[in-house]
Amino acid sequence: MRNIVPTQTTAWKNLKKHFQDMQNIHLNDLFRKDKYRFKNFSFFIKDKLLVDISKNRITYTTLKILLSLAQDMHLSEAIQQMFSGKKINCTEDRAVLHTALRNDYHNPIILDGNDIMPEIYAVLKKIKFFSNQVINGQWKGYSGKKITTVVNIGIGGSDLGPSMVTKALKAYKNHLDIKFVSNIDSTELFHLFKIIDFETTIFLISSKTFTTQETIVNAETIKKAFFKKAGCTKHMNQHFFAITMNTNKAKDFGIISDNIFKIWDWVGGRYSIWSAMGLSIALAVGFKNFKELLNGAYAMDMHFKNTTFEKNIPVLLGLIGIWYNNFFYSETEAIFPYDQYLNRFPAYIQQSNMESNGKNVDRNGNTVSWQTGPIIWGEVGTNGQHSFYQLLHQGTKLIPCDFIAPILSHNSIQDHHEILLSNFFAQTHALAFGKSFYNDSSCFFSDIKSVDSAFIQKFKCFLGNRPSNTLLFKKIDPYSLGLLIALYEHKIFTQGVIFNIFSFDQWGVELGKNISNSIYNTLTNKKYELDYDNSTQGLLNFYNSVRHAK
Ligand code: F6P
């Protein structure tokens, strides 16, 4: 990866100047002047996905300069490097090859002199074989009964992706009950133990490192409870599986080789659903649908890799995000799926984006003087409309939004879906164009009455000019979901390249983990390891006085 300070590029300087011209331009004017704006600013992936970027505060000139920024930062070269397995995760000396996991088997990918595709396909075959066995009822529990329940034990990327996708693809679900345990909070296990039957449950310990505290402690507790019920350690072989790159640790835990599904160091945790980390997905919806998810992601990979930047959807979305983040200084980006099945999608993208691009040191090792990754948040529509949309419409902050919806519902009842989508279309319109009594001709939905006093009219004005992207696809199916997830992955990649940061490490999660280990010793009264600051000390004292009160 190159080392270029983005703020020193010609494009960045031009964008700064251009921002002066653009900051007061209203979307109303941009649309009024250009009747082809939608046509020119919307992009398709076959008949699968439409992405409309026309409701952004951009002109053709804005895009031209943003595209020159991509050029100045050598984005094309970075994309080639990622796909070809160059070790672009420099702080961990690793390649970044989640794209290989959905690659066509016949396109070799060479890493350290070896083609990694045969190994990937061997694991895929194993996923296929095992998931079929469980779904068909051939895989039996220790007492000879068929498996009815799957529990995925994992956290972060080893939980968010599989749980988001199994929820999103509920319409494709089979009879297996898939549960997720992530938090170390014993409340999760307390309730799980009440409902599962160990004789018919399998446990997937999903941890790339097999050292993550939450996952390993939860897995150990489950193992103990299992032994108590099953009475014999050898029964573990029918019930415990590991998905990990740390096969030795998995074996130490007691998992036999046949029950280990391998992943590799070149798969980032938050990019791992395409690997065996997606085993719970294959179990939930069948291998064929899991493969369709990979196929959708592969189609987006080919689009990202081979399409000129002028029409490259992840590149354009990444650049537009930078326009708001680094020139308008908007701090956050919101994601609003108008589909109940996608209700965990914002949380999933929150991890992949914020853990990737939440960095303050550039590729030179210098503290950055520009903004890096935005705060990502969101909620399913229309629920959000009755919560925080007030601030989106009339607050003082500029919050660029992505509105995502399927045209067809899996569960059409009367006209619910039409009502849902009416809201979806209405919101992007209202955000962009607003409503002003004083400029009423721009608005055809005026409920501002001329009888309102001038004072009241002020409260009923909507300034508009609030940007959004609209992403419309036909239906939530495995293929479209794969397309959508990979689109966001590549958007994040694009932004990381331009921020000149390393997007594929996550050192920022380490400090809290280390301190928590030391505090654990204090809480369990083993010893005082550190002289804490007086706030932490005061809190610990209060904890102790309540916890150990007679
Ligand atoms: O929170 C840090 C992190 O390393 C994430 O990147 C990762 O997804 C999660 O923990 C779980 O890690 P593992 O799969 O190794 O248990």
Side-chain angles (χ1 to χ4, degrees), residues 27 30-31 34 36-60 62-64 66-67 70 75 79 168 293 295-325 330 333-339 342 345-346 348-349 352-353 374 376 378 380-381 399-408 421 424-429 431-432 466-495 498:
L27 279 164
L30 294 175
F31 273 85
D34 182 3
Y36 297 111
R37 193 170 163 86
F38 170 76
K39 187 169 173 278
N40 292 338
F41 283 127
S42 53
F43 303 90
F44 295 85
I45 303 265
K46 297 184 200 148
D47 60 343
K48 294 289 179 187
L49 177 70
L50 159 66
V51 179
D52 170 21
I53 60 168
S54 64
K55 292 195 187 88
N56 280 294
R57 292 169 67 171
I58 54 170
T59 60
Y60 300 99
T62 321
L63 272 194
K64 206 169 145 208
L66 283 168
L67 289 165
L75 178 61
I79 295 173
L293 184 81
N295 292 344
Y298 177 68
M300 184 53 75
D301 291 342
M302 292 304 101
H303 170 84
F304 182 54
K305 197 174 159 203
N306 301 326
T307 310
T308 71
F309 286 173
E310 285 77 8
K311 292 183 178 166
N312 192 315
I313 299 171
V315 171
L316 291 169
L317 291 185
L319 291 171
I320 291 170
I322 285 178
W323 177 231
Y324 296 120
N325 183 59
S330 47
E333 251 177 45
I335 301 177
F336 303 133
Y338 275 61
D339 190 292
L342 288 179
F345 189 72
Y348 173 72
I349 299 299
S352 46
N353 197 329
I376 303 293
V380 77
I399 302 178
C401 314
D402 286 354
F403 283 78
I404 305 171
I407 292 167
L408 305 174
L421 289 200
F424 172 81
F425 292 120
Q427 288 299 327
T428 63
H429 178 90
L431 285 164
R466 287 148 203 252
S468 64
N469 298 304
T470 301
L471 288 79
L472 260 182
F473 50 99
K474 192 170 168 189
K475 210 172 189 173
I476 300 182
D477 56 31
Y479 186 94
S480 308
L481 189 63
L483 267 179
L484 187 67
I485 299 169
L487 162 55
Y488 276 89
E489 286 181 349
H490 295 322
K491 172 187 169 180
I492 294 164
F493 178 82
T494 297
Q495 295 190 334
I498 291 173

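Heads up: numbering here begins at 1 and tracks the sequence.
- Looking only at side-chain heavy atoms (C-beta outward), Leu66 and Leu316 stay at 4.5 Å or farther from each other.
- Thr494 pairs with exactly one of Val315, Ile79, Leu317 by the side-chain contact (heavy atoms from CB on, under 4.5 Å) rule, that one being Val315.
- Every residue meeting the side chain to side chain contact (heavy atoms under 4.5 Å, CB included) condition with Asn325, not counting sequence neighbours, appears here in chain and number order: Gln371, Pro374, Phe499.
- Formation of a donor-acceptor pair under 3.5 Å by the Glu333 side chain with backbone atoms of Pro400 is not found in this model.
- The salt bridge (charged side-chain N to carboxylate O under 4.0 Å, His left out) test applied to Asp301 returns Arg102, not counting sequence neighbours.
- Taking 4.5 Å as the limit, some side-chain heavy atom of Leu319 sits within range of a side-chain heavy atom of Ile498.
- With a 4.5 Å cut-off on side-chain heavy atoms, Thr62 and Asn56 do not count as touching.
- What you find for Lys55 and Phe31 is that their closest heavy atoms are CG-CZ, 4.0 Å.
- The shortest side-chain heavy-atom distance between Phe473 and Ile45 does not fall under the 4.5 Å cut-off.
- Contacts of Ser42 classified as side-chain hydrogen bond (donor to acceptor under 3.5 Å, both in side chains), with partners at least two apart in sequence or in another chain: none.
- The distance from atom CD of Gln495 to atom CG of Leu75, rounded to the nearest 0.5 Å, is 11.0 Å.
- One finds the CZ atom of Arg466 at 12.0 Å from the OG atom of Ser330 (value rounded to the nearest 0.5 Å).
- A heavy-atom distance below 4.5 Å is not found between the side chains of Phe345 and Phe336.
- Atom CG of Leu27 and atom CG of Leu431 lie 10.0 Å apart (nearest 0.5 Å).
- Of all non-hydrogen atoms in Phe43 and Lys311, the two that sit nearest each other are CE2-CA, 3.9 Å.
- Pairs of residues two or more places apart, or lying in two chains, that qualify as side-chain hydrogen bond (donor to acceptor under 3.5 Å, both in side chains) and include a residue from residues 471-480 are Asp477-Ser480.
- Checked by atom type and distance alone, the side chain of Arg37 pairs as donor or acceptor with a backbone atom of Ser54 at under 3.5 Å.
- A distance of 8.5 Å separates CD1 in Ile376 from CD1 in Ile349, rounded to the nearest 0.5 Å.
- Every residue two or more places apart in sequence or in another chain that forms a side-chain hydrogen bond (donor to acceptor under 3.5 Å, both in side chains) with Asp402 is listed here: Asn469, Tyr488.
- In this structure, the side chains of Leu342 and Val380 stay at 4.5 Å or more apart for every pair of heavy atoms.
- Put simply, the side chain of Phe38 does not reach to within 4.5 Å of the side chain of Thr470, judged on heavy atoms.
- Rounding to the nearest 0.5 angstrom, the gap separating the CG atom in Leu49 from the CG atom in Leu471 is 5.5 Å.
- Note: Phe41 and Tyr60 have parallel aromatic rings, judged against thresholds of 30 and 60 degrees for the angle between ring planes.
- Remark: the backbone N or O of Arg57 is paired with a side-chain donor or acceptor of Tyr324 at under 3.5 angstrom.
- A donor-acceptor contact shorter than 3.5 Å is absent between the side chain of Thr428 and the backbone of Ser468.
- Ring geometry for His490 versus Phe304: interplanar angle under 30°, hence parallel rather than tilted (30 to 60°).
- Across all their heavy atoms, Ala405 and Leu421 have their closest contact at CB-CD2, 3.7 Å.
- Residue pairs that meet the salt bridge (charged side-chain N to carboxylate O under 4.0 Å, His left out) test with at least one member in residues 44-54, sequence neighbours left out, do not exist here.
- Counting heavy atoms from C-beta outward, Pro314 and Met300 have side chains that approach closer than 4.5 Å.
- Note that OG1 of Thr307 and CD1 of Ile313 are 8.0 Å apart. Values are rounded to the nearest 0.5 Å.
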